[in-house]
A.B. asks: 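Can you read through this structure? Questions will come right after.
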Protein chains: 2
Amino acid sequence: MITLTTVPPEPVTRSPKAEQTRQNIVDTAMRLFRAGGYDRTTMRAIADEAGVSIGNAYYYFSSKEHLIQAFYDRMARDVATEAESVLDRETEFAERLSGVLQTWVTVAEPYHEFAGKFFKNAAEPQSPLSPFSPESQQARDDAIQMFRKVMDGSSIKLNPGLRAAMPELLWLLHMGVVLFWVYDDSEDQRRTRTLIDKAVPLVDRTARLTRLPLVRGLVDDMLDLINSLKR
Amino acid sequence: MITLTTVPPEPVTRSPKAEQTRQNIVDTAMRLFRAGGYDRTTMRAIADEAGVSIGNAYYYFSSKEHLIQAFYDRMARDVATEAESVLDRETEFAERLSGVLQTWVTVAEPYHEFAGKFFKNAAEPQSPLSPFSPESQQARDDAIQMFRKVMDGSSIKLNPGLRAAMPELLWLLHMGVVLFWVYDDSEDQRRTRTLIDKAVPLVDRTARLTRLPLVRGLVDDMLDLINSLKR
DNA sequence: ACCGAGTTTTGAACAGGTTCAAACCTTTGG
DNA sequence: CCAAAGGTTTGAACCTGTTCAAAACTCGGT
């Protein structure tokens, strides 16, 4: 799912009418956020514009920030779809990796402005929105699974131990890119794109070096480090 | 100063009385933050407890978050002092680096529990608490300066281009360790200490490899990448 | 002692996110 | 069709960060 994180699937059964109201609120909120910015859009304005009461908005979304969450969930679906098509097309490791990462940036672009708000929530260690939280397990696994596909679909040869760890490492790289992106204030997040364009070939070449005897010891120790940090 | 972030040095001349009031407010705030957490401590409570008016608290600290900065500044001084003595003692690169990082963890330990509480506030890109914010420039520079000393005081030999970039890279490594630390829920942050113990030798060995012809091209490209990301 | 120019202090008022008890509506079992 | 149970809706009230105009204080110069 390649995203900062996602909520667990909604367990609640909801009437179609209610679902519609819920959607209406999200849509209205997003429209207003995009028009006037997150901070300057008040919950009162959202409720008014959506034709519901403030209390009702809070019935569906337990906070203003949760509105953004719903937004991200939608984005996650888009990324998954787009990335899939890239992976069907490309066969080179570097192309596959950069394709997935660039897809993320492209899909995420319209939401960059809110990213910080959302990120703030996700950053709190005990928050369920944190990418490391138990609640995010599913989303995390899905994302790692996607990076496994990136590896499996390519014929790159590397240190066997490393290969096994690659999906998780690429997910970490992805988290790093997301982190960079959140803080990237350049026009159209150009710097993030540059980062991906230049970092991916580096990763590619570095990964290939891991079969050299001279580097192999280093890699083994790194894998050992990673292993000893698993909880 | 090795810290998450800090304000630039206060340029304002202040009467001793005023300075005392200011200190009083910070002290009170920190006491209440530790007792009840950042979010649940109100500005009113802080002002009351400190025996000043709300407005007065805002005269000294332009926002609740700025109170935290003052706190960080204090911690930064402690770290700087402690780390200094480590650097006077050690001469090996690995020892110097790990000494500085471990010092940070030790000094920061008492605050770990509530670090997460307000880490989320620092995570927001436009927050002055963000380690990348303009307000943190001074603290960032100080910290980088400290890592420059880590390099300069050791005789490690590495790729010249890399050497120039090392202070900044080590600061980034430090930020990574801080990030890990914030999420580290192990007893006494043991995992963070493990991370430092194992990662530092890896960094050491990797850095030494950068003079090999085979790796040199890689390093140059990495430096080029870093350079092109500077704003 | 008095004046004026800062500096410091005050608290009422404001803004906007959030809560909650009550009212309203829909569905289900009998 | 009725009533109970549960789902949905309401908006006034609450909470807390922040602002601001006015008051109080400090101190060098006369």
Side-chain angles (χ1 to χ4, degrees), chain A residues 10-30 32-33 35-71 114 116-118 120-121 124 127 129, chain B residues 7 10-26 28-30 32-33 35-71 117-118 120-122 124 126-129 135:
Chain A
E10 295 282 337
V12 199
T13 38
R14 230 192 307 277
S15 75
K17 170 97 176 301
E19 183 56 34
Q20 199 177 317
T21 305
R22 185 192 165 84
Q23 278 304 318
N24 176 27
I25 294 172
V26 185
D27 291 343
T28 306
M30 288 313 137
L32 296 186
F33 285 164
Y38 179 81
D39 285 329
R40 272 166 306 166
T41 303
T42 69
M43 286 300 280
R44 285 166 179 80
I46 294 169
D48 274 5
E49 194 76 9
V52 301
S53 67
I54 297 182
N56 199 214
Y58 275 93
Y59 177 75
Y60 288 103
F61 300 92
S62 51
S63 78
K64 192 179 177 186
E65 288 179 333
H66 274 76
L67 274 167
I68 292 183
Q69 171 69 34
F71 195 45
F114 320 126
K117 306 292 176 188
F118 179 82
K120 168 181 174 175
N121 252 25
E124 195 172 11
S127 159
L129 296 181
Chain B
V7 262
E10 295 284 338
V12 199
T13 38
R14 230 194 306 279
S15 73
K17 170 96 178 300
E19 182 55 36
Q20 198 177 316
T21 305
R22 186 191 164 82
Q23 279 305 316
N24 176 27
I25 295 172
V26 186
T28 307
M30 286 315 135
L32 295 185
F33 284 163
Y38 177 79
D39 286 328
R40 271 168 307 168
T41 304
T42 70
M43 286 301 278
R44 282 165 182 78
I46 295 170
D48 274 4
E49 195 76 8
V52 301
S53 68
I54 297 182
N56 198 216
Y58 274 93
Y59 176 75
Y60 288 103
F61 301 92
S62 52
S63 78
K64 193 179 174 185
E65 290 191 338
H66 277 78
L67 274 168
I68 293 182
Q69 282 196 338
F71 169 67
K117 297 271 180 204
F118 56 70
K120 73 170 201 186
N121 295 288
E124 199 170 10
Q126 58 266 59
S127 161
L129 293 182
E135 287 90 339

A.B. asks: Rounded to whole Å, please give me the gap between CG in A/Asn56 and P in D/dG7.
C.D. replies: 15 Å
A.B. asks: Can you list, in residue-number order, the parts of residues 36-53 of chain B that come under 4.0 Å of DNA chain C, counting heavy atoms only?
C.D. replies: B/Arg44, B/Val52, B/Ser53
A.B. asks: For A/Ile54 and A/Tyr59, find the nucleotide of DNA chain D closest to each by heavy atoms; which residue's nucleotide sits nearer the 5' end?
C.D. replies: A/Tyr59
A.B. asks: Would you kindly give the CD1-to-P distance between A/Ile25 and D/dT8, to the nearest whole Å?
C.D. replies: 12 Å
A.B. asks: Tell me: CD of B/Glu19 to C1' of C/dT8, nearest whole Å?
C.D. replies: 14 Å
A.B. asks: Could I get the full list of side-chain contact (heavy atoms from CB on, under 4.5 Å) partners for A/Ser63, not counting sequence neighbours?
C.D. replies: A/Glu65, A/His66
A.B. asks: Quick one: are A/Tyr38 and A/Lys64 in side-chain contact, heavy atoms under 4.5 Å?
C.D. replies: yes
A.B. asks: Can you list everything that forms a side-chain contact (heavy atoms from CB on, under 4.5 Å) with B/Gln23? Sequence neighbours excluded, please.
C.D. replies: B/Glu19, B/Asp27, B/Arg74
A.B. asks: Atom CD of A/Gln20 to atom C1' of D/dT8: distance rounded to whole Å?
C.D. replies: 14 Å
A.B. asks: Find the distance B/Tyr58:OH to D/dA21:P and express it as a whole number of Å.
C.D. replies: 18 Å
A.B. asks: Nearest-Å distance, CZ (A/Arg22) to C1' (D/dT9)?
C.D. replies: 16 Å
A.B. asks: Using a 4.5 Å cut-off on heavy atoms from C-beta on, say whether the side chain of B/Tyr60 contacts that of B/Leu67.
C.D. replies: no
A.B. asks: Please report, rounded to the nearest Å, how far the P atom of D/dG17 is from the NE2 atom of B/His66.
C.D. replies: 15 Å
A.B. asks: Does A/Lys64 or A/Gly55 map to a spot on DNA chain C nearer the 5' end, using the closest nucleotide for each?
C.D. replies: A/Lys64
A.B. asks: Kindly state each residue pair satisfying salt bridge (charged side-chain N to carboxylate O under 4.0 Å, His left out) with at least one member in residues 39-50 of chain A, sequence neighbours excluded.
C.D. replies: A/Arg31-A/Glu49, A/Asp39-A/Lys117
A.B. asks: Please identify each residue that fulfils ring-ring contact (aromatic ring centres under 6.0 Å, His included) with A/Tyr58, with sequence neighbours left out.
C.D. replies: none
A.B. asks: Can you tell me if A/Tyr60 touches the phosphate of D/dT9, counting only side-chain N or O atoms and a distance under 4.0 Å to OP1 or OP2?
C.D. replies: yes
A.B. asks: For A/Tyr59, enumerate each residue passing the ring-ring contact (aromatic ring centres under 6.0 Å, His included) test, keeping only those at least two apart in sequence or located in another chain.
C.D. replies: none
A.B. asks: Take the protein atom CG of A/Leu67 and the nucleotide atom C1' of C/dG17, then report the distance between them rounded to whole Å.
C.D. replies: 12 Å
